[in-house]
Amino acid sequence: MAERDYLNELNDVQRLAVQHTEGPVMIIAGAGSGKTRVLTYRIAHLLEKGVDPFNILALTFTNKAAREMKSRIETIVGGTEARNLWMGTFHSVFAKILRFEAEKLGYPSNFTIYDTDDSKSLIKTILKEEQLDDKVYKPGSVLSRISAAKSSLISPTAYLQNNEIQNDDKMSAKPKLGIVYQKYASRCFKSGAMDFDDLLYQTNILLRDFPDVLHKYQHKFRYVMVDEYQDTNFSQYVIVKKLAAVFENICVVGDDAQSIYGFRGANIQNILNFEKDYPDLKTFKLEQNYRSTKTIVDAANNIIAHNRDQLKKEVWTDNDAGTKIKVSRAMSDNEEGALIAHAIFEYKMNEQVHDKDFAVLYRTNAQSRAIEEALRKLNISYRIYGGLSFYQRKEIKDLIAYFRLAANPADEEALKRVINYPTRGIGKTTIEKISVIASERDTSMWDVMTNPAHHPLPVHGGTSEKLGNFITMIKSFNIGLPKTSAYSLAEHIAQSSGILKELYSDKSTEGVSRYENIQELLNAIKEFDESPAVDENGELIERMRTLDEFIQDIALLTDADEKDKDDLDKVSLMTIHAAKGLEFPYVFVSGMEENLFPSQLSLNSRADLEEERRLFYVALTRAEKQAHLTFAVSRYKWGNLIHCEPSRFLEEIEPKYLEFSGGASTARTNVETSFEPRQKTVWKPKTPETRPTGYQAKEKKTYTHSSTKPNLTRASTSQITSKPVGADQLELIQKLQVGMQVEHEKFGNGKVLQIEGIMPNTKATVFFPDVGQKQLLLKFAKLRIISNN
DNA sequence: GTGTAATGCTATTGG
DNA sequence: AGCATTACAC
């Protein structure tokens, strides 16, 4: 395609942004303003101008975005040119560079990439060794603390020396966090492993400590582009800044209004302060929205106007006003699902649209189940994005652990995973012994196992023999690595490890499916095996593909990266986070409720609440034609039915853009056509005497709302109603007193010593002469009152 | 050491 | 309600 042609497809600002290739550029791109188009055309433009694709680095946040962009560039400039572009996620691009430069940092070039599970498991091991309580030091939060440190480029040493951090940790009763961080880092290093954050952290170390390396990449990447710049963290910011320091041909694209990854360290200041970093910055604002109706754009502007921290920008559109945004109330989460399913059904009937034109978005993954069930009932096909990806399934991780071990026997997490799977008589005790010795001697478990002369292992002859067999097996895999093609070795490992046999013998539905998944993995490896290798310069080379090559970047793949089945006509279900960058004609945003969206955890700080609001902005602006917001009045959480109030966000849209309806699902939900979104009055939970009982909550009249009687909502329900607790249990909860004699169907007669907890989770401590003292949850316990004393 | 029953914890968001 | 870890029996 000639240059003129694609430049004509751009509006004035877009065109200027594409043509301004030299020097620092910031493109503030409102939702739906053609950001991807500008980015791809910009790269195409550079190539047409004669810039070598090897000199262009484009960083994205998802593999999918990178792939999409690459293929769009291909259609403009042709495949050979596009192939040589450095384009990918931060993690994948720098993993590639790190593998190339690994020795400088003391890592093997085939280092393992630990995924979150590996990291957590390692943290658990360390906690055990340090005798720290994992209820105080929750592995997940320990990991996010470590992750935050790495993302801010704080080394373990710096962490331990920083008074402020140390105080923080003491205040949160976790004074040993720094020690855990230190141990964690050194264990990863000894295992030849990097976690996700290391891919950026170690890149920073590399660029900091090896000026020649920095120089090399600075001159290699003469043009640097960063997509979704508002989502970069400090570590990424520094990398980008350093790489672009020589030529300053840096172009960042982003939208502060769509910054939704603060929770994992993204720093919105990176975009807000970009001007300070580059005084001669040229800024382009893409403000025309091509995606959505005027109603949606204006409503989205309403929402974001409630945020204080933002760059000035006016998103507008030439599109029609379109229909109003629908808002529906459902009685429960299940009914919300039904309502959505029925609405989709009706849209399809009335407007001749397809399943793939719909997306259902939610705040948390747990919300998907009710929606799935409802869609299944109406035979509407759907696809869930997010959740467990193929490579996170247990059976897949098991087999891959063998592959990892073959490539890098020091990989401790892989070792622990399969040393006794399938069971071969190497149990917990033995593994612990090895682990302790490894820790004491500051070496890897593999080293301990394979050098009994240096590290005497106090195990029996039988155990020692079993260990020997395992070692021999792994060694043989290791030797096979360079001389066997990926597929034959993978198949061999699946066989001789016993995994295939283990799964084959399980004839349950799940077992069969696990077996099939293994087959699918092997097929994928076969496909990989038969695809050509590419060298450093992007040239195709004749060479055998090996298994370690295959597993290298698997940890970086996510669910969204599984073969794009775009041809499939299915409704998309995903979290709002996962929906960023996507668009659909019809978008449902479900669970518009206080404490869910905005999340309860966001209510304590302005910054967090503003991020939730941006999240809502992102959700709404995914819609092209019709947005439909839904909320439920009650929903199950941890097995309990809780009462929910409509989200405050609903009030932040001017009513003229909204159309309230009871929903299209069942007659029961149709009683009302309008309601008061949310009562601003603060109210206290009622006393037990006036509180409606759990099973009454099922009656619809309890929940009747009316715009003319704003207090009804408040007056009608309690904050926490019980799950349909049986009438018997309910009576029990209300009547039971300390000192009463009760009868339990299993424990016999006993005496009530104590009653505590808030209804319906009231607990009683009862002493049974036969079995001793027991704590009973009254809503479940089958207790009968015998007498009052 | 292995397998099963009981217990207890959890659910922001993700590369 | 579902899942992972733990406790206990074999």
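Labels below follow one simple rule: chain letters A, B, ... track the order of the sequence lines, proteins then strands, and each chain is numbered from 1.
Look at A:T116 and you won't find any side-chain N or O under 4.0 angstrom from OP1 or OP2 of B:dG14. Distances shorter than 4.0 Å separate none of the side-chain N or O atoms of A:N640 from OP1 or OP2 on C:dA1. At the phosphate of B:dT10, OP1 or OP2 sits under 4.0 Å from a side-chain N or O atom of A:K138. Phosphate contact (OP1/OP2 of B:dG15, side-chain N/O of A:T62, threshold under 4.0 Å): absent. Of the side-chain N and O atoms in A:R369, one or more sit less than 4.0 angstrom from OP1 or OP2 of C:dG2.
A:E228 has its CD atom 12 Å from the P atom of B:dG15, to the nearest Å. Rounded to whole Å, the distance from CG on A:L641 to P on B:dA11 is 21 Å. Rounded to whole angstrom, the span from the NZ atom of A:K150 across to the P atom of B:dG15 amounts to 18 Å. Atoms CD (A:E610) and C1' (B:dT13) sit 18 Å apart, rounded to a whole Å. Whole-Å rounding puts the A:R67 CZ to B:dG15 P distance at 12 Å. Computed from coordinates, the A:I384 CD1 to B:dT13 P distance equals 13 Å when rounded to whole Å. Put simply, NZ on A:K637 is 17 Å from P on B:dC9, counting in whole angstrom units. As rounded to whole Å, 8 Å separates atom C1' of B:dG8 from atom NZ of A:K135.
Using a 4.0 Å heavy-atom criterion, one finds that A:K124 contacts the sugar-phosphate atoms exclusively. Among the heavy atoms of the strands, none lies under 4.0 Å from A:S602. A:S92 comes within 4.0 angstrom of nothing in the nucleic acid, heavy atoms only.
Each of A:L615 and A:T463 lies near DNA chain B, and the nucleotide nearest A:T463 is the one positioned closer to the 5' end. With DNA chain B read from its 5' end, the first of the two nearest nucleotides for A:A555 and A:D608 is the one closest to A:D608.
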Criterion side chain to side chain contact (heavy atoms under 4.5 Å, CB included) on A:C188 and A:Y114, from CA distance to verdict: CA-CA 9 Å; A:C188 283; A:Y114 273 179; 4.1 Å; yes
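Counted within 6.0 Å of NZ on A:K433, heavy atoms from surrounding residues, nucleotides or ligands total more than 12; the atom is thus considered enclosed. Atom NZ of A:K135 has 12 or fewer neighbouring heavy atoms from other residues, nucleotides or ligands inside a 6.0 Å radius.
For A:T364, the listed nucleotide lying nearest its side chain is B:dT13; candidates were B:dT13, B:dG1, B:dG15. Candidate nucleotides B:dG14, C:dA1, B:dG1 were compared by shortest atom distance to the side chain of A:W638, and C:dA1 ranks first. Comparing B:dG14, B:dG15, B:dT10 against the side chain of A:D197 picks out B:dG15 as the nearest. When distances run from any side-chain atom of A:T430 to the nucleotides B:dG1, B:dC9, B:dA11, the shortest one goes to B:dG1.
Looking at A:Q367 and A:T364, their side chains do bring a donor and an acceptor atom within 3.5 Å of each other. Side-chain atoms of A:S92 and A:T89 include a donor-acceptor pair closer than 3.5 Å.
In this model, no side-chain donor or acceptor of A:N420 finds a partner on the base of B:dG1 within 3.5 Å.
Distance check on atom C1': C:dT6 versus B:dA11 gives 22 Å, rounded to whole Å. Separating the P atom of B:dT13 from that of C:dA4 is a span of 16 Å, rounded to the nearest Å.
The aromatic ring of A:Y261 does not sit over the base of B:dT13, since the test of centres under 5.5 Å and planes under 30° is not met.
Distance check, rounded to the nearest 0.5 Å: OG1 of A:T125 to CD of A:E412 gives 7.0 Å.
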